[in-house]
Amino acid sequence: MMQMTAEHCPVPEPPPGSRGIDEILAAARARLRRLDPERAHLAYRTGALLVDIRPAAQRAAHGVVPGSLIVERNVLEWRFDPRCPARLPQAVDYDVPVVILCQEGYTSSLAAAALQDVGLHRATDVVGGFAAWRIAGLPALGPTPLHHRAPHASPVNAGWTRR
């Protein structure tokens with residue numbers, strides 16, 4: 001059986017007023033002063049919060065930036081809205097510089113724009129995401145496996161003896 005991909009399927013007529021993801025992404029990025037990895041690192045080193053929004057599986061597979069704040073995307077706005085009871089202690093006001101990091105720099109643009117909607121006017125993201133951060137040779141740890149496997153014991157180490 002041949003698998004169909006989206007490129008082979010007809011595109012339905014979009015509802016009036018809707019926007020495609022490419023338009024939404026472009027609008028989000030038009031509002032941001034995006035940082036290349038080196039500038040993001042400098043911002044982080046001078047006090048900006050570097051927030052990694054990637055899911056645990058991506059962080060395990062690709063690594064993390066030491067000292068970055070891990071806040072998965074699904075709770076980001078609640079953790080950074082200064083008026084929200086579920087906010088983080090770092091969400092002290094609307095002037096907090098927040099630099100969002102995702103794997104390749106797409107979701108982070110949408111997330112940074114969402115934080116701007118909450119009022120954090122200095123929120124932005126990293127062009128190219130963690131992948132570009134790593135390529136730039138900036139500090140990173142990992143990857144680390146999600147599940148640690150016990151090393152294989154050799155017969156000698158496992159207590160096997162010959163009789």
Side-chain angles (χ1 to χ4, degrees), residues 5-7 9 11-12 14-136 138-148:
T5 60
E7 63 190 45
C9 296
V11 177
S18 68
R19 299 180 298 157
I21 189 59
D22 291 336
E23 290 175 88
I24 294 168
L25 182 62
R29 287 180 171 170
R31 298 166 41 192
L32 303 174
R33 296 183 67 200
R34 302 182 77 212
L35 302 176
D36 63 32
E38 292 82 3
R39 289 180 190 255
H41 184 243
L42 179 61
Y44 170 57
R45 289 188 52 201
T46 58
L49 296 175
L50 182 64
V51 181
D52 189 336
I53 63 168
R54 295 173 301 151
Q58 273 189 335
R59 294 190 311 271
H62 300 282
V64 296
V65 175
S68 62
L69 188 59
I70 307 298
V71 180
E72 291 193 12
R73 177 64 190 98
N74 62 321
V75 295
L76 184 70
E77 292 86 345
W78 287 270
R79 299 298 180 256
F80 279 94
D81 183 349
R83 68 195 121 201
C84 180
R87 73 184 174 275
L88 293 171
Q90 295 90 334
V92 294
D93 63 36
Y94 298 95
D95 199 41
V96 173
V98 178
V99 179
I100 305 293
L101 184 71
C102 72
Q103 187 60 34
E104 295 182 355
Y106 292 93
T107 302
S108 59
S109 296
L110 301 176
L115 288 184
Q116 286 188 355
D117 289 342
V118 168
L120 280 83
H121 64 98
R122 296 175 69 189
T124 191
D125 76 324
V126 180
V127 175
F130 183 77
W133 182 282
R134 260 264 146 88
I135 289 168
L138 295 169
L141 300 173
T144 57
L146 282 176
H147 305 287
H148 299 285

Working to the nearest 0.5 angstrom, can you tell me the gap between [X] [atom1] and [Y] [atom2]?
X	Y	atom1	atom2	value
Asp125	Tyr106	CG	OH	11.5 Å
Cys84	Arg79	SG	CZ	7.5 Å
Leu115	Tyr94	CG	OH	11.5 Å
Arg59	Leu101	CZ	CG	11.0 Å

Are the side chain of [X] and the backbone N or O of [Y] linked by a donor-acceptor pair below 3.5 Å?
X	Y	result
Asp93	Val96	yes
Trp133	Pro139	yes
Arg39	Val126	no
Gln116	Arg122	no
Thr46	Leu42	yes

Minimum heavy-atom separation for [X] to [Y], with atom names?
X	Y	value
Gly142	Arg134	O-NH2, 2.9 Å
Gly47	Pro97	O-CG, 4.3 Å
Leu32	Ala28	CG-O, 3.3 Å
Arg87	Asp81	CB-O, 3.4 Å
Leu138	Pro37	CD1-O, 3.3 Å

Is the shortest heavy-atom distance from the side chain of [X] to the side chain of [Y] under 4.5 Å?
X	Y	value
Leu35	Val127	no
Leu110	Ile24	yes
Pro82	Leu120	yes
Leu25	Arg29	yes

For [X], does the [atom1] atom sit with more than 12 other heavy atoms under 6.0 Å from it, leaving out its own atoms?
X	atom1	answer
Glu104	CD	no
Arg31	CZ	yes
Asn74	CG	yes

Can you pull the ring-ring contact (aromatic ring centres under 6.0 Å, His included) pairs that have at least one residue in residues 45-84, sequence neighbours excluded? none
If you look only at distance, which donor and acceptor atoms sit under 3.5 Å apart when one is on a side chain in residues 48-56 and the other is two or more places apart or in another chain?
from: Asp52; atom 1: OD1; to: Arg54; atom 2: N; distance (Å): 3.0
from: Asp52; atom 1: OD1; to: Arg54; atom 2: NE; distance (Å): 2.9
from: Asp52; atom 1: OD2; to: Arg54; atom 2: NE; distance (Å): 3.3
from: Asp52; atom 1: OD2; to: Arg54; atom 2: NH2; distance (Å): 2.7
from: Arg54; atom 1: NH1; to: Gly63; atom 2: O; distance (Å): 3.3
from: Arg54; atom 1: NH1; to: Gln103; atom 2: OE1; distance (Å): 2.8
from: Arg54; atom 1: NH2; to: Gly63; atom 2: O; distance (Å): 2.6

